[in-house]
Amino acid sequence: MKKIITLLVLFLSTSPIFSHYLWIEAAPQGQLNQEHQIKVRFGEYTYGVIEKVEGDAFKGVSNFSLWLISPDGTKTALPVSAKDDFYAASFTPSQKGTYTLALDNKDMKVLDFTQYDFGIFKPQYHAKAKVVVGDRPAAIAKTNIDGIEIIDVSPDSFGVSKEVSLQLLFKGKPLAKNEVSVFVSDLWSKKLSTDKDGKISFQLPWPTKYTVEATYNETVPGTYKELDYEFIWHCATYCIPLKNNSQKL
């Protein structure tokens, strides 16, 4: 345990790109023909760390793609614009159903952490969010056949005291017995382990924002931009912004 804590402290102090994560914020309920706002953030939500877009940390992960998958399966690339501490995007729902927002970033530099007994690896991020138009939520779309992703399979809309059901996939298959972290503000977090089907369930006790993160080391060596690596470090996130009506995302 002491070694793990020491390693985490070293990660936090030496590589904000690795210790942080990307996530997508969007109100979970949308309205037909009304513009829906999206924010892409980078940092550590539970610690209140939100990186500035112009900072070196955010610049290191800014070469991402953002997509919208409509209820009928149509996939659309969403342009983004840089703000102070997030990238902004939007879409206007034209049909009822569940929309999937997906961010992918496989264009990140190889990191050498051999001095911390972690090896040489290539980070990859995948983030998702769900927007429902109407009163019939469905599972969000699969969007990362080459890596890790979190699928919301909850039968109900988000709400205080309601249960959320998620499935963790790696290359389209359930990732069993893998750790998943649920983060809330003020340093509160909870660790869960997926079952044999890659699923976890938990309740939403407070009207606040929840960020879910899962990682997986794929032990396949390779070369990226002329740098060799020993494995790929996959990171997936899913944001549930359950807010009071008076609160803003």
Side-chain angles (χ1 to χ4, degrees), residues 8-28 35-68 76-92 100-113 116 118 120-131 143-144 147-150 181 183-187 189 208-215 224-227 229 232-241 243 247-249:
L8 177 60
V9 171
L10 287 169
F11 282 166
L12 291 173
S13 61
T14 61
S15 180
I17 289 178
F18 179 74
S19 62
H20 290 9
Y21 52 84
L22 283 161
W23 73 91
I24 304 170
E25 292 181 8
E35 188 178 40
H36 204 82
Q37 301 297 322
I38 303 162
K39 296 179 181 179
V40 174
R41 295 191 186 276
F42 183 60
E44 292 177 88
Y45 172 66
T46 190
Y47 289 93
V49 178
I50 309 294
E51 297 291 350
K52 301 289 186 181
V53 167
E54 293 303 319
D56 290 338
F58 211 146
K59 287 181 179 179
V61 299
S62 61
N63 194 21
F64 59 82
S65 299
L66 183 64
W67 300 86
L68 173 74
T76 306
L78 296 178
V80 299
S81 58
K83 303 299 182 182
D84 179 43
D85 59 0
F86 64 92
Y87 279 89
S90 67
F91 73 99
T92 302
T100 303
L101 294 165
L103 175 152
D104 199 58
N105 190 349
K106 295 180 173 64
D107 185 13
M108 296 180 61
K109 67 179 182 180
V110 172
L111 298 178
D112 185 349
F113 275 23
Y116 310 125
F118 196 72
I120 303 172
F121 61 100
K122 181 182 181 298
Q124 292 185 180
Y125 286 103
H126 195 78
K128 304 182 83 159
K130 178 173 76 172
V131 178
T143 56
N144 194 20
I148 194 171
E149 62 180 325
I150 298 170
S181 298
F183 297 108
V184 186
S185 60
D186 301 324
L187 307 183
S189 65
T208 187
K209 181 164 53 189
Y210 301 78
T211 54
V212 183
E213 181 198 36
T215 63
Y224 184 72
K225 293 186 177 179
E226 300 182 350
L227 292 176
Y229 58 84
I232 300 174
W233 180 80
H234 296 267
C235 179
T237 64
Y238 184 64
C239 182
I240 304 172
K243 293 285 191 177
Q247 294 175 300
K248 295 182 178 180
L249 292 178

Reported CD-to-CG distance for the pair Q124 and D104, which is rounded to 0.5 angstrom =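 The distance works out to 7.5 Å.
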Output the distance between atom CZ (F86) and atom CZ (F58), rounded to the nearest 0.5 Å.
->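 Here the rounded value is 10.0 Å.
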Ring centre gap for F121 and F113 strictly below 6.0 Å |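 Distance test on ring centres: under 6.0 Å, yes.
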Taking the six-membered ring for Trp and the full ring for Phe, Tyr or His, determine whether the centres of F42 and F64 are under 6.0 Å apart.
->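 Distance test on ring centres: not under 6.0 Å, no.
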Minimum side-chain heavy-atom gap [X]-[Y] below 4.5 Å:
| X | Y | answer |
| --- | --- | --- |
| T100 | K128 | yes |
| E25 | P241 | no |
| V131 | I38 | no |
| K59 | E54 | yes |
| K109 | L227 | no |
| Y238 | K130 | yes |
| V61 | Y125 | yes |

Give a yes or no answer on whether the side chain of K122 reaches the backbone of K106 with a donor-acceptor pair at less than 3.5 Å.
-> yes
Is a donor on one side and an acceptor on the other found under 3.5 Å between the side chain of H126 and the backbone of N105?
->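 Such a contact is absent between H126 side chain and N105 backbone.
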Which pair of non-hydrogen atoms, one from [X] and one from [Y], has the smallest distance, and what is that distance?
| X | Y | result |
| --- | --- | --- |
| F183 | E213 | CE1-OE1, 3.5 Å |
| T143 | A102 | OG1-CB, 3.7 Å |
| Y210 | V184 | CD2-CG2, 3.5 Å |

Residue pair L68, L101: steps toward the side chain to side chain contact (heavy atoms under 4.5 Å, CB included) verdict = CA-CA 5 Å; L68 173 74; L101 294 165; 3.7 Å; yes
Full working for side chain to side chain contact (heavy atoms under 4.5 Å, CB included) between V110 and K225 | CA-CA 8 Å; V110 172; K225 293 186 177 179; over 6 Å; no
Give the C-alpha distance, both sets of side-chain angles, the deciding distance and a yes or no for side chain to side chain contact (heavy atoms under 4.5 Å, CB included) between I24 and Y87.
-> CA-CA 10 Å; I24 304 170; Y87 279 89; over 6 Å; no
If you draw a 6.0 Å radius around NZ in K83, do more than 12 non-hydrogen atoms from other residues or ligands fall strictly inside?
->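 No, because the 6.0 Å sphere around NZ of K83 holds 12 heavy atoms or fewer from other groups.
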Passes side chain to side chain contact (heavy atoms under 4.5 Å, CB included), T237 versus T211? Steps please.
-> CA-CA 7 Å; T237 64; T211 54; over 6 Å; no
Mind checking what makes salt bridge (charged side-chain N to carboxylate O under 4.0 Å, His left out) contact with D84, not counting sequence neighbours?
->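 D84: salt bridge (charged side-chain N to carboxylate O under 4.0 Å, His left out) contacts with K52.
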